[in-house]
Amino acid sequence: MNFDKNFDFAKKEENWYNNWQENGIFKTEMNPDKTPYSILMPPPNVTGMLHFGHVLNHTLQDLFIRRMRMQGKDVVWFPGMDHAGIATQTKVEQKLKEEGKTRYDLGRDEFIERVWDWKDEYGGIILEQLKRLGVSCDWDKTLFTMDESASKAVEHSFIKLYDEGLIYKGKRIINWSPVSQTALSDEEVEFKEVHEKLYTLRYYFEDGDNYLKVATVRPETIFGDIAVAVNPNDKRYKKLIGQKVSVPIVGRKIEIIADNYADPEFGTGCVKITPAHDPNDFEIGQRHNLESINTINPDGSMNELAGDYKDLDRFEARKRIVKDLENNELMEIVEDYTHNVGFSQRGGEPIEPYLSDQWFVKMKPLAEDALKIVQDGEINFYPNHWVKTYEHWMNNIRDWCISRQLWWGHRIPVYYTEDGKHTAAKNETEARQKLGIDENVSLKQDEDVLDTWFSSWLWPMTTMNWFDDEGNITPDNETLQRFLPSDLLVTGPDIIFFWVARMVMATNYFKQEIPFKNVYFTSLIRDGQGRKLSKSLGNSPDPLNVMDKYGADAVRFTILYLAPLGQDVRMEVDLEAQDIPSMEVGRNFANKVWNAGRFLKMKQEEFGKVEYDNSTYSKTLADKWIESKLHKSINAINDHLDNFKVTEYSKTLYDFIWSDFCDWYIECLKIESYDNTEEENQQKVAFGIGIFNEVLKLLHPVMPFITEELWHLLNNHSDDISISQEQLLQSTESLINEKVVEDFNKIINLSETSRSLKSNLNGISPTQKLPINIKTNEANATLFESNVSIITSVTGSLNVGINEPFNETIISVTSITNFAEVNLYVGDAIDIEQEKDRLQKEIDRLEGQVKGISKKLSNERFVDNAPEDVVSREKKKLSDMSTKIDQLKESLNSFK
RNA sequence: GGGCGAUUAGCUCAGUUGGUUUAGAGCAUCUGCCUUACAAGCAGAGGGUCGGGAGUUCGAGUCUCUCAUCGCCCACCA
């Protein structure tokens with residue numbers, strides 16, 4: 001037999017993936033006779049590397065896509081890649097730095113060319129890594145967010161929003177990254193608690209004797225001070241309003257103004273107002289018509305207005321100023337102070353609130369519909385509690401800063417005349433038309449590019465050919481018509497605002513559609529200490545190493561098995577070994593499946609391969625039982641996946657295959673084959689393989705490789721077809737036979753009872769075969785007689801008597817089940833006192849329970865209020881237990 | 001400050017609308033097995049006052065309130 005003892009995943013997984021691609025197994029069909037099903041794949045960053053978040057994410061998506069394909073749906077799953085503005089530009093700039101150059105040395109056009117070169121050479125490694133995982137998307141449809149079609153979509157939507165008044169340019173306080181030297185959106189800033197100092201400074205009045213105490217954490221911004229605010233109701237300062245004080249060191253005179261923003265309870269109740277460096281101060285400045293003085297350069301150093309401190313980094317400047325204030329007795333007090341400061345989510349550098357001209361999207365009008373869509377249940381979130389987070393964001397939405405001071409990205413399609421007139425347009429010609437100027441007037445395009453998410457929010461449309469490859473709008477094309485909205489989006493809750501919410505807005509605004517019907521928010525994967533697995537923490541092994549060790553199937557299975565809906569997953573990691581030991585769950589399971597297949601193949605070769613013929617073969621109890629179990633499992637699987645309960649789906653498969661199919665069905669097949677003719681055995685094995693083929697299909701969506709291999713080995717299929725083209729078995733209610741299940745459970749129960757009896761006896765080896773006798777009613781007796789060889793084998797008995805007269809001459813031990821009394825004839829090798837003790841304990845335990853149930857039943861309120869079936873169940877329990885107690889007492893007495 | 005989620009065996013987690021004797025599984029532990037698909041396996045065993053308290057109910061791991069601890073998100077008063 002050409003069948004290795006273990007599945008050679010290292011070789012086979014790669015072979016099968018190549019095979020699938022060569023044979024176009026994942027090609028989009030566009031078959032109008034089938035029901036459409038689509039999943040919107042989140043595009044990874046072009047700079048990205050595979051991490052366990054991707055593994056979970058794409059395993060889930062692939063599970064649903066493969067399953068739907070096997071349910072006869074016309075599936076659409078398109079991969080893509082995000083140009084990742086800042087990340088990519090930073091990568092290339094770092095490379096240039098090694099050559100001793102900056103992007104300014106190259107100029108814009110040449111720099112962008114270099115980025116494209118970089119992209120061609122290093123970009124998109126992650127897409128190759130995803131193939132290792134086995135994802136079955138249509139690679140021919142891969143879209144890059146900088147491709148012509150996607151870029152035209154960006155341009156089109158910008159112009160439309162601009163024309164309709166939803167995009168505007170304004171001078172605002174934005175989040176500035178001094179490292180990347182660009183603006184960031186609010187979502188890209190993370191607040192962290194920091195321990196700093198609170199400095200109380202002296203702002204002297206014009207008399208030169210008295211001073212106002214003003215607290216600040218940023219003394220370096222005094223150069224931008226324009227006023228001091230006090231609360232109008234603060235009695236201490238009421239009469240000072242309108243007076244002037246001088247800024248320490250600087251000496252400039254500023255006015256004391258009244259504003260409710262000043263909290264009398266905090267600090268001294270006086271706030272210095274620096275509109276260019278604080279969002280709240282900016283608003284106060286607007287209210288009071290104050291000037292804004294910017295004293296910091298884009299790189300975070302002080303500018304010429306900071307006098308002696310010019311060119312110092314703002315933090316260095318702070319230290320010096322503090323010292324100088326102290327030396328000049330301008331410092332009242334320095335206290336420890338803990339507060340929150342914004343950091344760049346990407347680079348981790350402190351963010352500078354910075355006054356500058358930027359482009360914004362007006363979000364309120366877009367948010368109204370987007371909120372309603374989710375509240376009305378047009379889009380379902382799994383788990384549902386994320387709706388609250390979504391609502392909160394939508395209700396408190398702020399305008400989105402979309403301009404970035406970068407070169408890599410979609411350049412803002414706005415053209416300016418020299419005198420400052422501007423409009424958004426596809427090109428200069430269109431701009432001239434819109435501005436009503438003639439072609440001699442020179443135009444300049446905006447220098448900035450758009451936030452990467454500005455192309456991402458169009459993804460549901462751009463991936464479906466909203467614009468074609470030549471850049472023409474094709475809103476009525478077949479893909480969009482049939483597959484928008486997508487059926488499912490699988491993503492992490494960390495990008496609910498960045499992406500999910502904005503896609504709802506954009507798709508609704510531009511296409512009057514919802515982008516997707518269901519959103520599955522994945523678990524977060526954490527290490528043994530509960531920390532998120534992340535590159536920056538360096539606490540994550542490379543998934544590729546883990547797959548090398550356990551196989552992609554095992555990793556896929558384990559991660560679904562361990563990742564419940566809405567709960568984070570903790571996995572112990574071994575960084576040194578680049579290992580996640582819990583992956584053994586999947587590996588062991590894969591091995592189990594493999595060996596079940598191996599056994600069936602062995603039997604097939606032993607007896608000869610035939611077609612299963614249900615007219616000649618008569619099914620045994622075990623056959624009917626496994627069929628019932630299979631169809632029940634199919635129902636359970638459907639139910640779980642309809643509700644996105646993937647953990648339960650994988651547990652159902654695991655238990656069915658391991659406990660039912662391997663532990664019981666295969667064992668029965670072995671035993672039954674001893675008494676069969678060869679023809680019967682051929683049919684029996686063909687039947688068993690028939691069941692196993694259905695199992696493989698059910699398992700294929702989560703373990704695509706091993707199931708493909710086994711399906712081919714057992715059925716001798718040629719390599720150009722795939723199990724993924726097969727149809728999943730539908731459950732047939734008539735094959736679910738509860739009587740059969742009940743009967744078979746009795747056999748299982750007999751087995752467990754006698755094994756347990758035996759292994760708890762001193763002096764008897766568990767492998768020793770002994771005679772047993774089963775006392776039971778007539779119906780059960782018939783059942784057991786017709787399955788006596790199975791019972792003999794699974795109970796490990798020498799022989800099995802059914803309702804034979806009790807042989808009192810041989811010492812026996814007894815166990816009482818709900819339907820039978822099992823006597824194990826042990827001879828005199830056992831410790832009788834120990835056995836008596838065991839029986840007495842069992843009697844005591846049961847009597848305790850009988851007492852409880854009797855009490856319950858004598859409670860009138862229980863009998864009157866509880867439903868009838870509950871009461872009768874309790875009554876039956878009571879009588880069953882009493883019978884058991886009697887039987888146990890009887891066997892106890894037999895020792896006396 | 002506001003919101004969300006968690007707390008069940010040594011560890012990681014199940015536990016469906018309250019009602020099945022003894023609250024389940026995997027891992028780990030202990031005992032015994034190389035039984036001819038699988039030692040990545042098989043058989044058996046031990047281990048839990050379901051975070052604390054109160055309440056509703058005939059009946060609570062499950063519903064309500066409260067407290068505690070942990071995690072996450074949002075806001076950001078110098």
Side-chain angles (χ1 to χ4, degrees), chain A residues 3 5-6 191 198-200 214-218 229 261-263 265-274 278-281 337 339-342 383 385-386 388-389 391-393 396 493-494 496-497 524 526 528 530 532 550 554 561-562 564 566-572 581-582 584-585 587-603 639 643 645 647-648 651 654-655 662-663 666-667 670 751-752 755-760 765-767 793 796 818 845-846 849-850 852-853 856 859-867 869-871 873-874 876-878 880-881 884:
Chain A
F3 215 123
K5 196 171 172 186
N6 303 106
F191 284 88
L198 182 66
Y199 307 93
T200 302
V214 179
T216 179
V217 286
R218 302 199 59 187
Y261 169 77
D263 176 3
E265 306 290 314
F266 188 89
T268 60
C270 306
V271 199
K272 70 187 201 64
I273 303 302
T274 322
D278 182 283
N280 291 307
D281 290 10
Y337 187 60
H339 68 146
N340 289 325
V341 171
H385 64 77
W386 289 109
K388 290 210 170 173
T389 307
E391 281 174 350
H392 183 261
W393 190 71
N396 296 283
D494 49 334
I496 187 167
F497 308 136
L524 232 54
R526 301 177 176 282
K532 182 180 166 183
Y550 298 96
Y561 189 83
L562 295 178
Q567 279 296 119
D568 290 349
V569 189
R570 271 178 179 235
M571 292 194 296
E572 213 55 61
S582 52
E584 282 182 6
V585 175
R587 184 198 55 182
N588 294 357
F589 181 53
N591 188 244
K592 192 76 185 173
V593 174
W594 179 255
N595 276 290
R598 193 159 160 255
F599 172 80
L600 290 170
K601 183 75 186 174
M602 199 183 83
K603 288 289 164 189
D639 199 48
N643 295 295
K645 294 183 173 174
T647 305
E648 276 142 79
K651 282 188 168 63
Y654 185 93
D655 290 343
C662 294
D663 285 354
I666 285 188
E667 288 313 310
K670 279 182 197 169
S751 156
E752 285 169 353
R755 282 172 187 170
S756 174
L757 257 184
K758 216 192 281 184
S759 62
N760 286 317
S765 146
T767 48
S793 174
N818 283 334
R845 190 182 63 83
L846 286 171
Q849 276 169 24
V850 162
I853 296 172
K856 210 174 188 181
N859 181 346
E860 274 173 37
R861 284 183 302 176
F862 171 71
V863 181
D864 293 346
N865 290 313
D869 61 309
V870 175
V871 177
R873 197 159 54 217
E874 292 298 316
K876 181 162 189 312
K877 255 193 248 171
L878 187 65
D880 284 353
M881 263 183 234
K884 268 196 205 176

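Note on naming: letters A, B, ... go to the chains in the order of the sequence lines (proteins, then strands), and numbering restarts at 1 for each one.
- A/Y199 comes within 4.0 angstrom of nothing in the nucleic acid, heavy atoms only.
- Of the candidate nucleotides B/C74, B/A75, B/A78, B/C74 has the atom nearest to the side chain of A/H392.
- Listed for the A/D278 side chain is a donor-acceptor partner under 3.5 Å among the backbone atoms of A/D281.
- A/Y337 and A/F266 have perpendicular rings, their planes meeting at more than 60° on a 0 to 90° scale where under 30° would count as parallel.
- A cation-pi geometry, defined here as NZ or CZ lying under 6.0 Å from the six-membered ring centre and within 45° of its normal, holds between A/K670 and A/F599.
- Remark: the separation of the P atoms in B/G51 and B/G46 is 24 Å, to the nearest Å.
- For the pair A/G269 and A/A262, the tightest heavy-atom approach, listed with the atom from each and the gap, is O-CB, 3.9 Å.
- Rounded to the nearest 0.5 angstrom, A/E648 CD and A/N643 CG are separated by 9.0 Å.
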Short heteroatom pairs, N/O only, protein and nucleotides 9-20 of chain B, under 3.5 Å:
{"unit_1": "B/G19", "atom_1": "O2'", "unit_2": "A/R873", "atom_2": "NH2", "d": "2.7"}

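- A distance-only check finds no donor-acceptor pair linking the side chain of A/N591 to the backbone of A/R587 [under 3.5 Å].
- To the nearest angstrom, P of B/G5 lies 10 Å from CH2 of A/W386.
- Across the strands present, B/G1 finds its partner in B/C74; the criterion is a Watson-Crick or G-U wobble pair with both atom distances under 3.5 angstrom.
- If you check every strand for non-hydrogen atoms under 4.0 Å, A/N280 touches sugar and phosphate atoms only.
- Spacing between B/C4 and B/C63 at atom P, rounded to whole Å, works out to 16 Å.
- The two residues A/V271 and A/Y261 come nearest to each other via the heavy atoms CG1-CE2, 4.2 Å.
- Across B/G44 and B/G24, the matching P atoms stand 16 Å from one another, rounded to whole Å.
- Atom pair A/R755:CZ and B/C42:P shows a separation of 11 Å (rounding to whole Å applied).
- Base pairing analysis places B/C42 opposite B/G32; the two distances defining the Watson-Crick or G-U wobble pair are each below 3.5 Å.
- Across all non-hydrogen atoms, the minimal contact from A/A215 to A/T268 is N-OG1, 4.1 Å.
- Annotation for A/W386 and A/I496: closest pair O-CD1, 3.9 Å, computed over non-hydrogen atoms.
- When heavy atoms are screened at a 4.0 angstrom cut-off, A/R526 is found touching the sugar-phosphate backbone but no base atom.
- Here, B/A45 and B/A40 have their C1' atoms 23 Å apart, quoted to the whole Å.
- Pairing for B/U64 goes to B/A54, judged as Watson-Crick or G-U wobble with the two contacts each under 3.5 Å.
- Taking CG of A/D663 as the start and OG of A/S751 as the end, the distance is 10.0 Å to the nearest 0.5 Å.
- Taking atom NE2 on A/H339 and atom P on B/C77, their separation rounds to 11 Å, with Å as the unit.
- B/G3 and B/C65: their P atoms are spaced 13 Å apart (whole Å).
- Across every strand in view, B/G48 sits unpaired, with no contact that passes the Watson-Crick or G-U test at under 3.5 angstrom.
- Across the interface with RNA chain B, nearest-nucleotide mapping of A/W393 and A/G267 shows A/W393 to be the residue nearer the 5′ end.
- Each of A/S756 and A/L198 was matched to the nucleotide of RNA chain B holding its nearest heavy atom; the match closer to the 5' end belongs to A/S756.
- Under the Watson-Crick or G-U wobble criterion, with both distances below 3.5 Å, B/G24 is paired with B/C13.
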task: May I have the step-by-step check of side-chain hydrogen bond (donor to acceptor under 3.5 Å, both in side chains) for A/K272 and A/T274, ending in yes or no?
output: CA-CA 6 Å; A/K272 70 187 201 64; A/T274 322; 3.0 Å; yes

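- The P atoms of B/G19 and B/U64 are separated by 15 Å, rounded to the nearest whole Å.
- Distance, A/N340 CG to B/C76 P: 10 Å, rounded to whole Å.
- Across A/E572 and A/P581, no two heavy atoms sit closer than the pair O-CD, 3.3 Å.
- Within the structure, every side-chain polar atom (N or O) of A/S759 is placed at least 4.0 Å from both OP1 and OP2 of B/A45.
- The nearest whole Å value for the distance from the CD atom in A/E752 to the C1' atom in B/G24 is 14 Å.
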With B for base contact, S for sugar-phosphate-only contact and - for none (protein heavy atoms under 4.0 Å), nucleotides 26-41 of chain B reads ------S----BBSBS

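- For A/D263 and B/A78, the CG to P distance is 10 Å, given to the nearest whole Å.
- A/F497 comes within 4.0 angstrom of sugar-phosphate atoms only, judged by non-hydrogen atoms across all strands, and of no base.
- One C1' atom belongs to B/G47, the other to B/C30, and the distance between them is 11 Å to the nearest Å.
- Rounded to whole Å, the C1' atom of B/A25 lies 13 Å from the corresponding atom of B/U8.
- Distance A/F191 CZ to B/C72 P: 17 Å, rounded to the nearest Å.
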